[in-house]
Undergrad: 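Let me begin by handing over the structure; questions about it come next.
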Amino acid sequence: MPRARSNERHYMTKFSDLGLNPLLMRAITEEGYETPTPIQAQAIPLLLEDKDLLGIAQTGTGKTAAFALPTLDFMLEFPQKRRARSARVLVLAPTRELAGQIAESFRTYSRHMDCNVQTVFGGVNINAQRRALQGGADILVATPGRLLDLVGQKAVSLQEIEVLILDEADQMLDMGFIHDLKKIVAQVPKDRQTLLFSATMPKLISDLAQQFLDKPVRVSVTPPSTTAERVDQGVYHVSNNDKLELLFDVLNNPEIDRALVFTRTKHGADKVVRKLLAKGLDARAIHGNKSQPQRMKALDAFKNGTCKVLVATDIAARGIDIDGISHVVNFEVPNVPEQYVHRIGRTARAGRTGLAVSFVAEDERYFLRDIEKTIDMQIDVLKAPEGTKVDLLPTPDPNERLYKPKGPARGTGGRGGQRRPPNSSRPQGKGKTQGTGKAGGKPGSRSRGGKKRKLEGARG
Ligand code: AMP
């Protein structure tokens, strides 16, 4: 295993420079945050000024606090009585894990204020969520599909939303949520502040941003290569048949506190867990076929350290925010280089360093080379772990001609087997989508006390 480098990053801005409410500062201090991360230093002052924001940032950059803190600051400045079946802030996220994580962050930062945070996501009974929304929420964190179900059942209205946040927008599009997003945004008042975060900025996202945001400022941090530079990385060249054996030997390293192992498929994740358990190593799997309680149980065991190995598919691992993941193991190499960067970024949260190793079989060398091109560095070839019986493959010739393997895509892309619905790739219409829904949709007709109006009033 390569050794972790020390973290040499220094951030110039101090939290006290940002002008956040003392109640939030207290929570930040209690969390042990000393300095804002670059996205926080850049975004928070702009968001406090009510700007719309297009943030290009990955998980691990501190982006959740970057949007949560100024949002909570606004709520402290303009407190309002909760309205039944309503919310003031709506955060949309692609997966239940990320939604849960965001809600947890809001709860952490708002612990010294009166703030009701609700989370809704699919895969669990809807009735409890309906009941939870009856009294209204300050912050509603939701996955798009379930939110629309609840709106359809009149369990919640979006007409009082003052701040709309779309997190991991690229992932939401990859998962086919474009139509849901448009339907949701059409029900949110125009007089709002809108934030859109995305790890990547393909044309589709910039089109969407143009449609949803109003003169947004653009803040970009940590391009993929920078994350890659912070993580010590290595590869094992190993045959597919020997991977399970090698994994066991790698995970036996006592230096490992918590390891996240990535497999390409749900079936593969289960198989890896079975094998490790059979050898006496506690491991749990999380993926789309697991029920929500099963996922939560696995995550809890991983978080509290009772189980140090979590085996996950890419989609399931999205948004998992666990401190102290010391190792990421790519049991299979992703065929999308960005996915590789996402994966290894799990060990390098908010400026810490981590270790990532990849098991590369012969038919995966093409993808490895692709990744190396993207991150613009050659990944070290590792020596066999001590005591292993596995014969590693000889290091391949770097000039070897490689061909993209034929056959079905080695689906490690973010979509996780979900198909994008037809025509989902083209936002329609121009200008900010707004209240065309049931309220009759006259522009600006619902701006009873939107965020922008409040702040203008305060300034004027
Ligand atoms: P995020 O990118 O929002 O998923 O945040 C990644 C991790 O960084 C979370 O565990 C946060 O608690 C942590 N974090 C966020 N901001 C800071 C900060 N300013 N200093 C230290 N840790 C932070």
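For the single chain, residues carry numbers from 1 onward in sequence order. Numbering of ligands and ligand atoms starts at 1, following listing order.
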Undergrad: Quick one: NZ on Lys243 to NZ on Lys271, what's the gap to the nearest 0.5 Å?
TA: 11.0 Å

Undergrad: Between Val221, Thr35, Leu69, flag the one that comes closest to atom 19 (N) of ligand 1 by a heavy atom.
TA: Thr35

Undergrad: Below 4.0 angstrom from a heavy atom of Thr64, which ligand 1 atoms are there? Numbered from 1 as shown, please.
TA: 1 (P), 3 (O), 4 (O)

Undergrad: Counting only nitrogen or oxygen atoms and a 3.5 angstrom limit, does Gly62 reach ligand 1?
TA: yes

Undergrad: Quick one: does Glu31 get an N or O within less than 3.5 Å of an N or O on ligand 1?
TA: no

Undergrad: Tell me if the CZ atom of Arg111 is crowded by more than 12 foreign heavy atoms within 6.0 Å.
TA: yes

Undergrad: Using a strict threshold of under 4.0 Å (side-chain N to carboxylate O), is an ion pair present between Asp300 and Arg284?
TA: no

Undergrad: Which atoms of ligand 1 have any heavy atom of Thr61 under 4.0 Å away?
TA: 2 (O)

Undergrad: Tell me if the CD atom of Gln294 is crowded by more than 12 foreign heavy atoms within 6.0 Å.
TA: yes

Undergrad: Looking only at distance, does Tyr109 have an N or O less than 3.5 Å from an N or O of ligand 1?
TA: no

Undergrad: For the backbone of Pro385 and the side chain of Asp249, can you confirm whether one donor and one acceptor N or O come within less than 3.5 Å of each other?
TA: no

Undergrad: Give the contacting part of Gln40 toward ligand 1: side chain, backbone, both or neither, where contact means a heavy-atom distance below 4.0 Å.
TA: side chain

Undergrad: Hey, which atoms in ligand 1 end up nearer than 4.0 Å to a heavy atom of Lys63?
TA: 1 (P), 2 (O), 3 (O)

Undergrad: One thing to verify: whether Arg146 and Asp180 come together as a salt bridge, which I'm taking to mean a side-chain N less than 4.0 angstrom from a carboxylate O.
TA: no

Undergrad: Check this for me - ligand 1, Tyr33, N or O atoms closer than 3.5 angstrom, yes or no?
TA: yes

Undergrad: OG/Ser157 to CZ/Arg85 distance, rounded to the nearest 0.5 angstrom?
TA: 10.0 Å

Undergrad: Mark up the atoms of ligand 1 that fall under 4.0 Å of a heavy atom belonging to Phe15, in ascending order.
TA: 19 (N)

